[in-house]
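Below is one structure, written out as structure tokens, with a few remarks after it.
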Amino acid sequence: MGDAKTVCKKWDDMDIDVLVKIFKLLNMVEMGPVSQVCRLWRSTCSDPLIWKTIDLSRLKSNFIQIRVSPYIWVDDRSDKRLFRILKLAMALSRGNVSSMIFHYYLYMKDEHLSYITERSPYLKRLVMPAWDCISKNGICQAIRHWPHLESLTMPTIGHPPYIIQEIGHHCKKLSELKIMGTFDRLFASSIISYLPKLKILSLRCSCLKRDALLMLLNFAETLEVLNISHCLILEMVGRKQVVREIDASILEAGSRMKVLICQNNGCLTCQRMVSDEGLMRWYRYEEEFWRYDEVASLDLGEDSGKLFDAECEKLTSC
């Protein structure tokens, strides 16, 4: 017993799988100094298992509405904060990010998106914000660099034919698309023409033109799942737009695919769509309300990611 020696294992000799499990408990701010300890820790902090998803859905911009273009003003501190967080995340992840989620009310610009694009070439899933200042050229440049993209959420698309065409040309693996806004014939024809391999489309909480919906149901041949829950369906009658119910012609046209429908006077979300006249004012409601979807693969749930948790949000707000 007296000759027995205690064997001590150094931290830099620890198995990398064990280190990954430990580092996965940290947020990105805590991981910054940890990555500077040694080469092994730096390499481990960039492991794809840690950086599979960057969920920044706690990060919102400070903005006020104004009467002139771009109609929203964001203070410099908000922009600089976003850049600081993106720089830290991109530096640590080393191109290993496959999924990025942004808050619905994050104000993003071309330079933010360009910075992400150059440093996340293997992105498979992207959830974009609605409050953005990204130009048509800016989003198209980004799309051209993401050939592996499989799932895209874009709450607002200002130039449907042009952007959908870019997606069709450069994102050959895209199978899921989610939109929250207005859906008309131009949008429907763009999807039919340029996204022939699209399997899942969610239009929940959108304002749908009835003729656009029928076009989609009749001609989007590869579409397997269509979510039109809580949508306001409009049809032009003379010079007026009239709200329509889901009728037999729509059900018949959608019989070959799975169509998720909720048009119920007792549904709180449907009530909100009606009161907001088809353009959901998400800021009026619960913080996590915008994250939900009836399609499981598109639903973000209530919990945001560990890499940017509540503590991390506080640490970066200074």
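The first residue of the sequence shown is numbered 1, and numbering continues consecutively from there.
- Atom CZ of R39 has 12 or fewer neighbouring heavy atoms from other residues, nucleotides or ligands inside a 6.0 Å radius.
- Grouping the Ile, Leu, Val, Met, Phe, Trp and Tyr side chains by contacts below 4.5 angstrom, directly or via other members, places W146 with L152.
- In the hydrophobic clustering of this structure, L279 does not group with M180; members are Ile, Leu, Val, Met, Phe, Trp, Tyr whose side-chain heavy atoms approach within less than 4.5 Å, directly or through other members.
- Taking a 6.0 Å sphere around NE2 of H170, one finds it holds more than 12 heavy atoms contributed by other residues, nucleotides or ligands.
- Judged purely by atom type and a 3.5 angstrom limit, S43 has no side-chain atom pairing as donor or acceptor with the backbone of L40.
- How far CD1 of I250 is from OG of S255: 13.0 Å, rounded to the nearest 0.5 Å.
- By the criterion of side-chain heavy atoms lying less than 4.5 angstrom apart, applied directly or through intervening Ile, Leu, Val, Met, Phe, Trp or Tyr residues, V259 is not grouped with L298; the two fall into different hydrophobic clusters.
- Under the 3.5 Å distance criterion, the side-chain polar atoms of S189 are matched with a main-chain donor or acceptor of L186.
- Not one N or O on the side chain of R144 forms a donor-acceptor pair closer than 3.5 Å with the backbone of E166.
- In this structure, H112 and F83 have tilted ring planes: the angle between them lies in the 30° to 60° band.
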- Task: Begin with the C-alpha distance, continue with both residues' side-chain angles, and end with the deciding distance and a verdict on side-chain contact (heavy atoms from CB on, under 4.5 Å) for M273 and C205.
- Result: CA-CA 7 Å; M273 275 295 291; C205 299; 4.0 Å; yes
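- The aromatic rings of F289 and W282 sit tilted relative to each other, their planes meeting at an angle between 30° and 60°.
- Rounded to the nearest 0.5 angstrom, E30 CD and C312 SG are separated by 7.5 Å.
- Counting heavy atoms from C-beta on, the side chains of Q141 and T117 never come closer than 4.5 Å.
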- Message: E176 vs S297, test: side chain to side chain donor-acceptor pair (under 3.5 Å). Steps then yes/no.
- Response: CA-CA 9 Å; E176 294 183 338; S297 59; 2.4 Å; yes
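- In summary, E313 and R58 do not engage in a salt bridge, as defined by a charged side-chain N under 4.0 Å from a carboxylate O.
- Listed by chain and residue number, L214, L217, N218 satisfy the side-chain contact (heavy atoms from CB on, under 4.5 Å) test with A253 (two or more places apart in sequence, or in another chain).
- By the 4.5 Å heavy-atom criterion applied to side chains, W41 and L19 are counted as neighbours.
- T316 pairs in a side-chain contact (heavy atoms from CB on, under 4.5 Å) with only one of the listed residues (L82, N27, V29), which is V29.
- Of the inter-residue distances, the one linking L123 atom CG with E150 atom CD reads 10.0 Å to the nearest 0.5 angstrom.
- In plain terms, the two heavy atoms of L223 and I200 that are nearest each other are CD1-N, 4.0 Å.
- The closest side-chain donor-acceptor pair between S135 and N137, if any, does not fall under 3.5 angstrom.
- With D47 contributing its side chain and T44 its backbone, the two residues share no donor-acceptor pair below 3.5 Å.
- The environment of R256 atom CZ is dense: over 12 non-hydrogen atoms of other residues, nucleotides or ligands sit within 6.0 angstrom.
- Inspection of the T53 and D55 side chains reveals no N or O donor paired with an N or O acceptor under 3.5 Å.
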- Please test L59 against F102 for side-chain contact (heavy atoms from CB on, under 4.5 Å), starting from the C-alpha separation and ending with a verdict. CA-CA 7 Å; L59 183 63; F102 293 100; over 6 Å; no
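- Side chain of Y105 to backbone of Y283: a donor-acceptor contact under 3.5 angstrom is found.
- To the nearest 0.5 angstrom, I50 atom CD1 is 10.5 Å from I22 atom CD1.
- For the pair E294 and H230, the minimum side-chain heavy-atom distance is below 4.5 Å.
- In this structure, I167 and Y194 have side chains that are not in contact, with every pair of non-hydrogen atoms separated by 4.5 Å or more.
- When all heavy atoms of K52 and S98 are compared, the closest pair comes out as O-OG, 2.9 Å.
- Residues L86 and E111 are not in side-chain contact: their nearest non-hydrogen atoms beyond the backbone lie 4.5 Å or more apart.
- Within a 6.0 Å radius of CD in E277, other residues, nucleotides and ligands contribute 12 heavy atoms or fewer.
- Between C270 and N264, the shortest heavy-atom distance links the atoms CB-O, 3.4 Å.
- Between the side chain of S206 and the main chain of G181, a donor-acceptor pair closer than 3.5 Å is present.
- Here the OG atom belonging to S46 is positioned 6.0 Å from the CG atom belonging to L92, to the nearest 0.5 angstrom.
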- Message: Quick one, K178 with M154, criterion side-chain contact (heavy atoms from CB on, under 4.5 Å). Give me CA distance, side-chain angles, the key distance, then yes/no.
- Response: CA-CA 6 Å; K178 179 175 180 177; M154 292 188 71; over 6 Å; no
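- The shortest heavy-atom contact between M128 and I139 is CE-CD1, 4.2 Å.
- Here the side chain of D293 pairs no donor or acceptor atom with the backbone of D299 at under 3.5 angstrom.
- K209 has its side chain out of reach of R185: every pair of non-hydrogen atoms, C-beta onward, lies at least 4.5 Å apart.
- Side-chain contact check for M280 versus T269: some heavy-atom pair is nearer than 4.5 Å.
- Minimum heavy-atom separation, K87 to Y115: CG-OH, 3.2 Å.
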- Task: Test L201 against M257 for side-chain contact (heavy atoms from CB on, under 4.5 Å), laying out the working first.
- Result: CA-CA 11 Å; L201 175 63; M257 68 180 73; over 6 Å; no
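- From L106, atom CG reaches atom CD1 of I101 across 13.0 Å, with rounding to the nearest 0.5 Å.
- Under the 4.5 Å side-chain heavy-atom criterion for grouping Ile, Leu, Val, Met, Phe, Trp and Tyr, I163 is connected to L198 within one hydrophobic cluster.
- Listed here is the closest heavy atom pair of P155 and A130: CB-CB, 3.7 Å.
- The environment of CD in E235 is crowded: more than 12 heavy-atom neighbours from other residues, nucleotides or ligands sit within 6.0 Å.
- No side-chain donor-acceptor contact under 3.5 Å links Q165 to the backbone of S193.
- The aromatic rings of H103 and W290 sit tilted, their planes meeting at an angle between 30° and 60°.
- Few gaps surround CG on D247; more than 12 heavy atoms of other groups in view lie less than 6.0 Å from it.
- The side-chain heavy atoms of W51 and M28, taken from C-beta on, include a pair separated by under 4.5 Å.
- In this structure a side-chain-to-backbone donor-acceptor pair under 3.5 Å is missing from R204 to N227.
- Note on L260 and L232: separate hydrophobic clusters, where clusters join Ile, Leu, Val, Met, Phe, Trp and Tyr whose side-chain heavy atoms are under 4.5 Å apart, directly or indirectly.
- Remark: E221 CD is loosely packed, at most 12 non-hydrogen atoms of other residues, nucleotides or ligands lying under 6.0 Å away.
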